[in-house]
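Throughout, residue positions are numbered sequentially from 1 according to the sequence presented. Nothing here was measured: the structure is a model prediction, and the numbers come from that model.
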Amino acid sequence: DPNSLNIHGKVQSYSFQIANSSYIELKGLHFFASTFKMDNSDYMVVDSCNFLYPSCYKRMLGIVDTEPEMTLITDSENCTVSRCAFRYTDGSAIETYSGNNTIENCYFYHIDYTVTDLSSVMTTIRMGGSNNVFRQNTLHRTGASSGINPGNISIVEYNDMYDTGYLQSDGAIVHLMEGQQPGSETRYNWFHDSPKYGVRFDGDGVADGDNGSQGTMHHNVSWNIKTGHMVKGHHHFVYNNTSFDTEKNSIVILIDMGGNEGTITRNNAADKIAGHRSDTYQNYPVPGIYDHNWNGYETGGDVKDLLISPPAYENVEDYNPDEYDFRPNPDSELIDAGMHVEGITDGYVGSAPDLGAYEYGGENWTPGVTWDVSSYQLGVYEQRNTETLPKAFHLQQNYPNPFNSRTQIRFNLNHPQKIRLSVHSITGQLINTILNKFMVDGHYIIEWNPVGISTGIYFIRMESENGVQIKKCLLLK
């Protein structure tokens, strides 16, 4: 009954418009259908904020061919956005301009669902200027062709980025044009489950001066992707990357478009490394300096067979970053097979660096946000009510049921415990793992938005130390 629904209408684009100010902090705020804009304001901090539907176009008002009023930081330096969640944006998630800005430990989901009318190449996150840092973020389910365009002399590190580029062809998750490549470092990231390139040094190979050269990619992991690394230009540095299960070649040091004279490709472990997008290493040897690499074209076999615990899921919905270990197996030929590179492989274990992004016996680092993203899913995915704690473990019937696009799953926990909440087909096949984590006691509301499944009967299953409870639901499309 629509009369019983709580309907919110967007009446303004910005809750905060700050100009010509500095050292202002926004902390612990929940933004619904609005966001902030900062102009000519240095040393600003946005921390622990939740942005839900922060931006959208005004087409229903007859305004077309115009950018949406998005989350913006313009003409402002030394600003930090940290521990924030951005969900369901029309247009970019956030754009910053001027330089020396940092986005770290933030969560981005379902970004730019129309991909139109932006100022240039459609990009999920754009950081203009120089010396920006994009660190320890999780980004997935995006529409634009490019994920992050970080500006000049940038650092992009410890990010988990996947499931991107739904609505546009070409592009890359990390995309650097010729002027942005010198001095840039893209390191310690995971790129996966995307039809795009992982990280791409782009351009036509005829840039002036240092443009199109001297960029560094190291200690990145990529899988189930078009190509992990695409390198155009010359005199770049490609060290200690791991790449497997790619649609085309895993690491491409392109012979044309700059020729990659002087580019160093070293200590990498990949199924397919070549000087061509898809043809073999034998037909297109890697240009520049190429040594100490494990290349499946030369050795045969698959890199993932040399790793302790690589991903084995079939559906990206079952992806769990805590389950994987990309370090070499104890008897792997990757161990101690590399060459020390000062500033890149410092602190290696053994007699020499290992090939690939991880060291056997070294840290099993995991990229992405360090906090529980469900804590910022107020009103959309998960809401905990602690006013009256439940007396029993109970899975309630989903609502609405039947449902068309999304439904709410409610359950009660009478004490802290690990919960696995999943959806199965009528034949018992696992369709989606919605939750698989430790949760405290309370009343919970989880929203399930099924993607890519057809009309039918499904079973919602909740498992814990208290047992198993199941509810039947009907999806109508």
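In this structure the side chain of Ser250 never reaches within 4.5 angstrom of the side chain of Phe244, judged on heavy atoms. Under the 4.5 Å side-chain criterion, counting only non-hydrogen atoms from C-beta, Gln408 is not in contact with Ile446. Counting only heavy atoms from C-beta outward, the side chains of Ser154 and Leu176 approach each other to under 4.5 Å. Here the side chains of Ile148 and Met161 are in contact, with some heavy-atom distance below 4.5 Å. Using a 4.5 Å heavy-atom threshold, the side chains of His175 and Lys196 count as separate. By the 4.5 Å heavy-atom criterion applied to side chains, Asn131 and Ile155 are not counted as neighbours. Side chains of Leu72 and Tyr14 form a contact here, defined as non-hydrogen atoms less than 4.5 Å apart. Looking at heavy atoms from C-beta onward, Lys471 lies out of side-chain contact with Tyr458 at the 4.5 angstrom threshold.
A donor-acceptor pair under 3.5 Å links the side-chain atoms of Asn101 to the main chain of Asn78, judged by distance alone. For the pair Asn432 (side chain) and Val423 (backbone), a donor-acceptor distance under 3.5 Å is absent. Asn137 contributes a side-chain N or O that, together with a main-chain N or O of Asn105, makes up a donor-acceptor pair within less than 3.5 Å. A donor-acceptor pair under 3.5 Å is formed between the side chain of Asn240 and the backbone N or O of Gly356. Formation of a donor-acceptor pair under 3.5 Å by the Asp112 side chain with backbone atoms of Gly91 is found in this model. Side-chain atoms of Asn189 come within 3.5 Å of backbone N or O of Arg187 as a donor-acceptor pair. Checked by atom type and distance alone, the side chain of Thr142 pairs as donor or acceptor with a backbone atom of Gly165 at under 3.5 Å. Looking only at distances, a side-chain donor or acceptor of Thr242 sits under 3.5 Å from a matching main-chain atom of Ala357. Under the 3.5 Å distance criterion, the side-chain polar atoms of Asn40 are left unmatched by any main-chain donor or acceptor of Ala19. Thr124 contributes a side-chain N or O that, together with a main-chain N or O of Ser146, makes up a donor-acceptor pair within less than 3.5 Å.
Ser55 and Tyr113 make their closest contact through O-OH, 4.2 Å (heavy atoms, listed as atom of the first residue, atom of the second, distance). Shortest non-hydrogen contact noted between Ser309 and Glu323 is OG-O, 3.4 Å.
Partners of Tyr358 by ring pair (Phe, Tyr, Trp, His ring centres under 6.0 Å), not counting sequence neighbours, listed by chain and number: Phe326, Trp365. For Lys472, the salt bridge (Lys or Arg N to Asp or Glu O under 4.0 Å) criterion is met by no residue, not counting sequence neighbours. The ring pair (Phe, Tyr, Trp, His ring centres under 6.0 Å) check on Tyr313 picks up Tyr319, with sequence neighbours excluded. Under the side-chain contact (heavy atoms from CB on, under 4.5 Å) criterion, Tyr166 pairs with Arg141, Asp163, sequence neighbours left out. Under the side-chain contact (heavy atoms from CB on, under 4.5 Å) criterion, Thr407 pairs with Asn398, Pro400, Phe403, Trp448, not counting sequence neighbours.
For the atom pair Phe191 CZ and Arg200 CZ, the distance stands at 14.0 Å (nearest 0.5 Å). Atom-to-atom distance recorded for Gln469:CD and Leu395:CG is 6.0 Å, nearest 0.5 angstrom. Once rounded to the nearest 0.5 Å, the distance linking NE2 of His219 with CG of Asn268 reads 9.5 Å. The OG atom of Ser41 sits 6.5 Å away from the CD1 atom of Ile24 when rounded to the nearest 0.5 Å. Rounding to the nearest 0.5 Å gives a distance of 12.0 Å between NE2 of His234 and CZ of Phe201. One finds the CZ atom of Phe36 at 8.0 Å from the CD1 atom of Ile18 (value rounded to the nearest 0.5 Å).
Using a 30° and 60° split on the angle between ring planes, Trp190 and Trp223 fall in the perpendicular class, above 60°. Relative orientation of the His218 and Tyr188 rings is perpendicular, given thresholds of 30° and 60° on the angle between their planes.
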Test log, rule salt bridge (charged side-chain N to carboxylate O under 4.0 Å, His left out), inputs Glu463 and Lys418: CA-CA 8 Å; Glu463 306 169 59; Lys418 185 173 182 181; over 6 Å; no

Pair Ser76-Asp42, side-chain hydrogen bond (donor to acceptor under 3.5 Å, both in side chains): steps then yes or no: CA-CA 5 Å; Ser76 306; Asp42 299 335; 4.8 Å; no

Residues His192, Asn224; criterion side-chain hydrogen bond (donor to acceptor under 3.5 Å, both in side chains); working and verdict: CA-CA 5 Å; His192 56 101; Asn224 194 22; over 6 Å; no

Audit row: Ser222, Ser243, side-chain hydrogen bond (donor to acceptor under 3.5 Å, both in side chains) steps and yes/no: CA-CA 5 Å; Ser222 56; Ser243 186; 2.7 Å; yes

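Side-chain atoms of Thr433 and Arg420 include a donor-acceptor pair closer than 3.5 Å. Between the side chains of Asn412 and His394, no donor-acceptor pair is found at a separation under 3.5 Å. One side chain, Gln180 or Asn149, offers a donor N or O that lies under 3.5 Å from an acceptor on the other. No side-chain donor-acceptor contact under 3.5 Å links Ser184 and Gln181. With hydrogens and angles left out, the side-chain atoms of Asp39 and Thr74 include a donor and acceptor closer than 3.5 Å. Checking Asn220 against Asn241 by side-chain atom types alone, a donor-acceptor pair falls below 3.5 Å. Checking Ser464 against Gln417 by side-chain atom types alone, a donor-acceptor pair falls below 3.5 Å. Between the side chains of Glu95 and Tyr97, a donor-acceptor pair is found at a separation under 3.5 Å. When only modelled atom types and interatomic distance are considered, His235 and Asn260 share no side-chain donor-acceptor pair under 3.5 Å. Between the side chains of Ser194 and Thr164, at least one donor N or O sits under 3.5 Å from an acceptor N or O. Using modelled atom types and a 3.5 Å distance limit, the side chains of Ser145 and Asp170 yield no donor-acceptor pair.
Salt bridge absent: Glu104 and Arg83 never bring a charged side-chain N and a carboxylate O closer than 4.0 Å.
Between Phe51 and Phe32, the ring centre distance reaches or exceeds 6.0 Å. Ring centroids of Tyr109 and His140 are separated by less than 6.0 Å, placing the two rings close together.
Screening Val45, Ile73, Ile103, Val46 for a side chain to side chain contact (heavy atoms under 4.5 Å, CB included) involving Cys79 leaves a single residue, Ile73.
A 6.0 Å sphere centred on CZ of Phe438 holds more than 12 heavy atoms belonging to other residues, nucleotides or ligands. At most 12 heavy atoms of other shown residues, nucleotides or ligands fall within 6.0 angstrom of atom OH in Tyr43. Counting heavy-atom neighbours within 6.0 Å of Gln12 CD, excluding the residue itself, gives a total above 12.
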Would you tabulate the side-chain donor-acceptor contacts of residues 225-233 under 3.5 Å, counting partners in other chains and residues two or more places apart, or write 'none'?
unit_1: Thr227; atom_1: OG1; unit_2: Asn249; atom_2: O; d: 2.9
unit_1: Lys232; atom_1: NZ; unit_2: Asp202; atom_2: OD1; d: 2.9

